[in-house]
Asker: 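Here it is, the structure in full.
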Amino acid sequence: MGAARAGAPRSDLAARIDRVLDAALAREPEVMVSVSADELFQDPGAVAAAVTATLDRAGAGLTAQWRVTEVFRRSGLGRELVDSLVSPDPAARASAAQLCGAIRLSEAVLWIGDLLGDPNIQVREAAIRALGRLGGRRAVDTMMAAVDRVPMYRLAISLSQAASDIEIETLIRQPKSERAAVATVLACGLRRDSLRVPPLLGIAHDRRWPKRVRLAACLALGMIGDGSVADGLGKLATGEPDVAVKAAAARAQRRLQRVARRQRS
């Protein structure tokens, strides 16, 4: 493997992991990672970045993800990392959560969910990030169960990464709480989810929705940048009686106008 590859891991440990995972993707038989969890904890960020880079190179297929995850399970590291999620050392818990997320260890979802209430802020941050990387219905359900314990910005980011289109659609139609609805709407904006533009515009106009959800819908529409809603936002910006929603619609409309000017130039 050439050292000049863009985005190559910097540490020797991460470089070793990178080579092993490349071999796994090349279908070399019985590839294993010959390190311990404690060794991974010496540089968890670089190792997680190496795993993520490998999966990015391999594309979106589940087969490649399975091959990468299976290397760690076969090496015994899967069990070590899951066990470390309940370590008395907060640094070990945070590192284990980060690595479980990067490696996509689905069996760790339940334990990582418990860490969303950890007394250590670094552990909580690592846990919500890990659920975003893990993705899938269980990760989404775990995040939604902890909707009142996770900062909104972090919840929306992780939800945007973890949820499928079907899950996002369900969460918009049947939110469990106002806060859950806000997080889901913001996640649509972060995903630049053009499929959700019509329902988001409907939410922004519908006064039966709580104000916070309507404000989030205006923000999300601005983030998505779909010019087809310009007229709808314009009507809201001029005719909405709620001052805050009116201002949010106007901001979103101005953002759409900036996007349109950039596209024309």
Asker: Any ion pair linking Arg137 and Asp141 (charged N to carboxylate O, less than 4.0 Å)?
Answerer: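 Salt bridge: yes.
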Asker: Taking NZ, NE, NH1 and NH2 as the nitrogens, is one of them in Arg67 or Glu70 under 4.0 Å from a carboxylate oxygen of the other?
Answerer: no
Asker: Kindly compute the distance separating CG (Leu40) from CD1 (Ile17), expressed to the nearest 0.5 Å.
Answerer: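 If I round to the nearest 0.5 Å, the distance is 5.5 Å.
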Asker: Between Val82 and Ala108, which heavy-atom pair has the shortest distance, and what is it?
Answerer: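 Taking Val82 first and Ala108 second, the nearest heavy atoms are CG2-CB, 4.0 Å.
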Asker: Does a side-chain heavy-atom distance below 4.5 Å link Arg129 with Gln98?
Answerer: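 Answer no - side chains too far apart.
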Asker: Yes or no on salt bridge (Lys or Arg N to Asp or Glu O under 4.0 Å) for Arg93 and Asp89, after CA distance, side-chain angles and deciding distance?
Answerer: CA-CA 6 Å; Arg93 295 197 301 276; Asp89 179 5; over 6 Å; no
Asker: Would you mind reporting whether Phe72 and Val51 have side-chain heavy atoms less than 4.5 Å apart?
Answerer: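 Heavy-atom side-chain distance check passes, below 4.5 Å.
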Asker: Arg196 versus Ile168: any side-chain heavy-atom pair under 4.5 Å?
Answerer: yes
Asker: I'd like to know if the side chain of Ser228 pairs up with that of Asp226 as donor and acceptor (distance under 3.5 Å, no hydrogens or angles considered).
Answerer: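 Note: Ser228 and Asp226 side chains meet the donor-acceptor criterion.
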Asker: Measuring from atom CZ of Arg73 to atom OG of Ser75, what distance do you get when rounded to the nearest 0.5 angstrom?
Answerer: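 Spacing of CZ (Arg73) from OG (Ser75) equals 12.0 Å.
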Asker: Atom CG of Leu219 and atom CD1 of Ile224: how far apart are they, to the nearest 0.5 Å?
Answerer: 10.0 Å
Asker: Could you tell me if the side chain of Met144 sits less than 4.5 Å from the side chain of Leu159, heavy atoms only?
Answerer: yes
Asker: Is there a side-chain contact between Arg214 and Arg207, using heavy atoms and a 4.5 Å cut-off?
Answerer: yes
Asker: How about Trp209: does its CH2 atom have over 12 heavy atoms from other parts shown lying under 6.0 Å from it?
Answerer: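 Count over threshold, so yes.
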